Novice: 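Let me begin by handing over the structure; questions about it come next.
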Amino acid sequence: FPVTIGTKGKSSVTEILNTLFEEAGYTTAVSNTIRFKVGGESTDNLYKMSMPGRMFMQRFLRKAVKAGCTHAIIEATSQGAILYRHMFIDMDALIFTNLAPEHIEAHGSYEAYVDAKVSIARWLARSKKQRTYMVANAEDKESPKFLAVGVTDPIQYSIDEARPYEIKKQGFRFTYEGVVIDSPLSGEFNLYNCLAAMKTARQFGVSVSTMKRALETFSGIRGRVERIDAGQDFTVVVDYAHTPDSLQKLYDVFQHSRRICVLGNTGGGRDTWKRDEMARIAGNECDEIILTNEDPYDDDPRMIVEEMAQAIPEAEPRIILDRREAIHTALSLAHTGDTVLITGKGTDPYIMGPNNTKTPWSDASVVREELEKSTFMVCMITLLPVH
């Protein structure tokens, strides 16, 4: 049971690791923010929880055993940890990606947030498995806390293991154990995600040649720098970026094009500190900004985006609360070579409103629908006879 924890990259690492294991011939089960997979069956995660409750997890693992799965890959969260959802799972490995402030209201402090993550590592140290691997990002300042829990094999990874590497406009090339690998994934952050998965896969006997085959044909993860292509002459990307750091890193990937950015922020008392900071990042990086509804919960959605707009008065962002209309407007503003970046939801299946109401939603589906409408209109205009 490899398990991933961290602030960013958890779902991506589980999906990359799954790809490596499948290429090696293993039969896998996956539980993450995006989906639940057992063998050849996969269903979307509609729970709005990255890690559901203990009974769900135990049923999921029992189903995986019955289906003949050899490896189960699980995404674990700090909020799941304080609800003890990781307990009674005998892990073989834990992957720590990084830590940055998040969910502070739920935990009370950043220190408590960190401790919730570390508690999962302490549970790994109690595992009944003969060997236990703590795979940690050596470049994160919190990694010593995870490496010190007392597992049999504390292991670190860093960007130095990928040198020489090159981040391209689309994809990146890097070297791992002397083997050159070309990945179609975007951004340096995905290189880190690949390294985390590869370091773990090596502990489970996956060869570098196998990993090279897997990574060079792995096109990406839904809702994570997901490119939507309907034949348009500009780039459209849907991404989950919901922290300042992840937003900045996403914008950096597309810094050489004109950027049209659609973003919002959460409500209901959730990480309200992020609003001004993420708005300022958009103000610094985006050529056009559209602030829209995201997950207001019990907060007034207009109040959220107006608060963000006040943080970037010089940018004069557009406020369009209807998220579909916001996406439509962003697409209509795009010209050849531009990039439309739609962030905050990723694969989230609902827009969360007051009293925990849920409006079914998919950024990717809405983008495709709006692009198809635009394509149809262009065809209609082209076919009209000239008088």
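Just so we're clear, the structure is a prediction, and the values are computed from it rather than from any experiment.
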Novice: Is a salt bridge present between Lys48 and Asp348, judged by a nitrogen-to-oxygen distance below 4.0 Å?
Specialist: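 Judged by the 4.0 Å cut-off on N to carboxylate O distance, Lys48 and Asp348 do form a salt bridge.
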Novice: Do Glu370 and Lys373 meet the salt-bridge criterion of a basic N to acidic O distance under 4.0 Å?
Specialist: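 Salt bridge present between Lys373 and Glu370.
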Novice: State, to 0.1 Å, how close Leu46 and Tyr350 come at their nearest heavy-atom pair, and which atoms those are.
Specialist: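 Heavy atoms of Leu46 and Tyr350 come nearest at O-CE1, 3.2 Å.
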Novice: Please check: side-chain N/O of Thr292 versus main-chain N/O of Leu321, any donor-acceptor pairing under 3.5 Å?
Specialist: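 It does hold such a pair.
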Novice: Give me the atom names and distance for the closest heavy-atom approach of Ser31 to Ser50.
Specialist: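 For Ser31 versus Ser50, the nearest heavy atoms are OG-O, 4.5 Å.
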Novice: Taking the side chain from Thr217 and the backbone from Arg213, do they hold a donor-acceptor pair closer than 3.5 Å?
Specialist: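 Yes; judged by distance alone, with no hydrogens or angles, the pair exists.
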Novice: Does NZ belonging to Lys63 count more than 12 external heavy atoms closer than 6.0 Å?
Specialist: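 No, because the 6.0 Å sphere around NZ of Lys63 holds 12 heavy atoms or fewer from other groups.
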Novice: Would you find a donor on one side and an acceptor on the other, under 3.5 Å apart, between the side chain of Gln58 and the backbone of Phe88?
Specialist: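 Yes.
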Novice: Say you draw a straight line from OG of Ser78 to NE2 of His86; how long is it, rounded to the nearest 0.5 Å?
Specialist: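 Atom-to-atom, Ser78:OG and His86:NE2 are 11.5 Å apart.
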Novice: Specify the closest pair of heavy atoms between Lys10 and Ala76, including all atoms of both residues, with the distance to one decimal.
Specialist: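 Result for this residue pair: CD-O, 3.4 Å.
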Novice: Ala100 and Tyr110: which non-hydrogen atoms are nearest, and at how many Å?
Specialist: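 Taking every non-hydrogen atom into account, C-CE1, 4.0 Å.
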Novice: Could you give the distance from CE (Met134) to CD1 (Ile120), rounded to the nearest 0.5 Å?
Specialist: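 Reported value, rounded in 0.5 Å steps: 9.5 Å.
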Novice: Run the salt-bridge test on Glu177 and Arg202 with the 4.0 Å N-O cut-off and return the result as yes or no.
Specialist: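 A salt bridge is present here (some side-chain N lies under 4.0 Å from a carboxylate O).
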Novice: Please answer whether the main-chain N or O of Arg302 pairs with a side-chain N or O of Asp300 as donor and acceptor at a distance below 3.5 Å.
Specialist: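 Side chain of Asp300 to backbone of Arg302, a donor-acceptor pair under 3.5 Å: yes, one is there.
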Novice: So which heavy atom on Asp299 is nearest to which on Ile304, and how close?
Specialist: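 Heavy atoms only, the tightest pair is CB-CD1, 3.9 Å.
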Novice: Any side-chain heavy-atom pair from Pro317 and Ile312 closer than 4.5 angstrom?
Specialist: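 Of all side-chain heavy-atom pairs linking Ile312 with Pro317, at least one is under 4.5 Å.
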Novice: A quick test of your reading: do over 12 heavy atoms of other residues, nucleotides or ligands sit less than 6.0 Å from CZ of Arg62?
Specialist: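 No, not enclosed.
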Novice: Taking the side chain as everything from C-beta on, heavy atoms only, tell me whether Asp44 gets closer than 4.5 Å to Pro349.
Specialist: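 No, every pair of side-chain atoms sits at 4.5 Å or beyond.
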Novice: Would you mind checking if Asp287 and Arg258 are paired as a salt bridge, meaning a charged N to carboxylate O distance below 4.0 Å?
Specialist: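 Here Arg258 does not pair with Asp287 in a salt bridge, since their nearest N and O are not under 4.0 Å apart.
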Novice: Apply side-chain contact (heavy atoms from CB on, under 4.5 Å) to the pair Asp182 and Lys168, showing each step before the final yes or no.
Specialist: CA-CA 10 Å; Asp182 284 288; Lys168 305 176 184 179; 3.5 Å; yes
Novice: Report the distance from atom CD of Gln255 to atom NZ of Lys169, rounding to the nearest 0.5 Å.
Specialist: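 Nearest 0.5 Å value for the CD-NZ distance: 11.5 Å.
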Novice: Before giving the answer on side-chain contact (heavy atoms from CB on, under 4.5 Å), spell out for Ile16 and Phe218 the whole-Å C-alpha distance, their side-chain angles and the decisive distance to 0.1 Å.
Specialist: CA-CA 8 Å; Ile16 295 168; Phe218 182 57; 3.7 Å; yes
Novice: Measuring from atom NE2 of His242 to atom CG of Leu247, what distance do you get when rounded to the nearest 0.5 angstrom?
Specialist: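 Separation between the atoms: 11.0 Å.
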Novice: Is there a donor-acceptor contact under 3.5 Å linking the side chains of Ser42 and Arg35?
Specialist: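 Yes, because at least one side-chain N or O of Ser42 sits under 3.5 Å from a partner of the opposite role on Arg35.
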Novice: Should Leu94 and Phe96 be counted in the same cluster of Ile, Leu, Val, Met, Phe, Trp and Tyr side chains packed under 4.5 Å apart?
Specialist: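 Leu94 clusters together with Phe96.
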Novice: If you measure from CD on Gln232 to CG on Leu371, what distance do you get to the nearest 0.5 Å?
Specialist: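 Answer rounded to 0.5 Å: 5.0 Å.
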Novice: Do the non-hydrogen side-chain atoms of Leu61 and Ile74 ever get within less than 4.5 Å of each other?
Specialist: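 Side chain of Leu61 against side chain of Ile74, heavy atoms only: contact under 4.5 Å found.
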Novice: Val135 and Phe189: same hydrophobic cluster, using ILVMFWY side-chain contacts below 4.5 Å?
Specialist: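 No, no single cluster joins them.
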Novice: Does Lys37 reach the main-chain N or O of Thr28 with its side chain, forming a donor-acceptor pair under 3.5 Å?
Specialist: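 A pair under 3.5 Å: yes.
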Novice: Between Met57 and Pro52, is there a side-chain heavy-atom distance shorter than 4.5 Å?
Specialist: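 A side-chain contact under 4.5 Å exists here.
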Novice: Between Asn137 and Glu139, is there a donor-acceptor pair closer than 3.5 Å when you use the side chain of the first and the backbone of the second?
Specialist: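 Yes.
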Novice: Could you see if Val118 belongs to whatever hydrophobic cluster contains Ile82? Use Ile, Leu, Val, Met, Phe, Trp, Tyr and a side-chain cutoff under 4.5 Å.
Specialist: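 No; Ile82 is not reachable from Val118 via cluster members.
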Novice: Keeping Asp338 on the side-chain end and His335 on the backbone end, is there a donor-acceptor pair under 3.5 Å?
Specialist: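 Pair found, side chain donor or acceptor close to backbone of His335.
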Novice: Using atom types as modelled and distance alone, determine if a side-chain donor or acceptor of Ser183 lies under 3.5 Å from a backbone N or O of Phe172.
Specialist: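 No, the answer is negative, given that no donor and acceptor are paired below the 3.5 Å cut-off.
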Novice: For Arg259, is there an ion pair with Asp252 - N to carboxylate O distance below 4.0 angstrom?
Specialist: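 Salt bridge between Asp252 and Arg259, a charged N being under 4.0 Å from a carboxylate O: no.
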Novice: Look up atom CG in Asp363 and atom CD in Glu226, then write down how far apart they are to the nearest 0.5 Å.
Specialist: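 Atom-to-atom, Asp363:CG and Glu226:CD are 9.5 Å apart.
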Novice: Hydrophobic clusters here meaning ILVMFWY residues chained together by side-chain heavy-atom distances under 4.5 Å, can you tell me if Val367 and Val253 are in one?
Specialist: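 Per the 4.5 Å side-chain linkage, Val367 and Val253 are not co-clustered.
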Novice: Tell me, do Ile34 and Asn45 make a side-chain contact under 4.5 Å, heavy atoms counted?
Specialist: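 They are not in contact (no side-chain heavy atoms under 4.5 Å apart), so the answer is no.
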Novice: Among pairs that include at least one residue of residues 41-106, which meet disulfide (SG to SG under 2.5 Å), considering only residues two or more places apart or in two chains?
Specialist: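 For residues 41-106, and leaving out neighbouring residues, there are no disulfide (SG to SG under 2.5 Å) pairs at all.
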Novice: Test your reading of the model: is there a side-chain donor-acceptor pair from Glu161 to the backbone of Ser158, 3.5 Å cut-off?
Specialist: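 Side chain of Glu161 to backbone of Ser158: a pair is present.
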Novice: Check whether the side chains of Thr266 and Asp295 place a donor and an acceptor atom closer than 3.5 Å, and report yes or no.
Specialist: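 No, Asp295 and Thr266 have no side-chain donor paired with an acceptor closer than 3.5 Å.
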Novice: Given 3.5 Å as the limit, does a donor-acceptor pair link the side chain of Asn284 with the main chain of Arg280, or not?
Specialist: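 Yes.
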Novice: Can a salt bridge be assigned to the pair Glu142 and Lys117 using a cut-off of 4.0 Å between side-chain N and carboxylate O?
Specialist: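 Salt bridge flag = no for Lys117 with Glu142.
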Novice: Going by atom types only, do Asn32 and Ser11 share a side-chain donor-acceptor pair under 3.5 Å?
Specialist: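 Result is no, nothing qualifies.
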Novice: How about Glu294 and Lys345: do any of their side-chain heavy atoms sit closer than 4.5 Å?
Specialist: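 Glu294 reaches Lys345 side chain to side chain.
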Novice: Tell me if the centroids of the rings in Tyr47 and Phe56 come within less than 6.0 Å of each other.
Specialist: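 Between Phe56 and Tyr47, which both carry aromatic rings, the centre distance is below 6.0 Å.
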Novice: Identify whether Ile319 and Leu331 are in the same connected component of the hydrophobic contact network (ILVMFWY, side-chain heavy atoms under 4.5 Å).
Specialist: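 In one cluster with Ile319: Leu331, no.
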Novice: Check the surroundings of atom CZ in Arg126: do more than 12 heavy atoms from other residues, nucleotides or ligands lie under 6.0 Å from it?
Specialist: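 Count not over threshold, so no.
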Novice: Going by atom types alone, do Thr132 and Ser127 pair a side-chain donor with an acceptor below 3.5 Å?
Specialist: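 There is no such pair (donor and acceptor under 3.5 Å, judged by atom type) between the side chains of Thr132 and Ser127.
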Novice: With side chains defined as the heavy atoms from C-beta onward, is the minimum distance between Phe146 and Leu99 less than 4.5 Å?
Specialist: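 Phe146 reaches Leu99 side chain to side chain.
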Novice: Please give me the minimum heavy-atom distance between Ala282 and Ile289, naming the atom from each residue.
Specialist: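 Residues Ala282 and Ile289, closest heavy atoms: O-CD1, 3.4 Å.
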Novice: Before giving the answer on side-chain contact (heavy atoms from CB on, under 4.5 Å), spell out for Val305 and Arg318 the whole-Å C-alpha distance, their side-chain angles and the decisive distance to 0.1 Å.
Specialist: CA-CA 10 Å; Val305 294; Arg318 302 168 194 245; over 6 Å; no
Novice: Take Arg323 and Ile342 through the test side-chain contact (heavy atoms from CB on, under 4.5 Å) and record every step on the way to the result.
Specialist: CA-CA 10 Å; Arg323 194 170 178 93; Ile342 302 162; 4.0 Å; yes
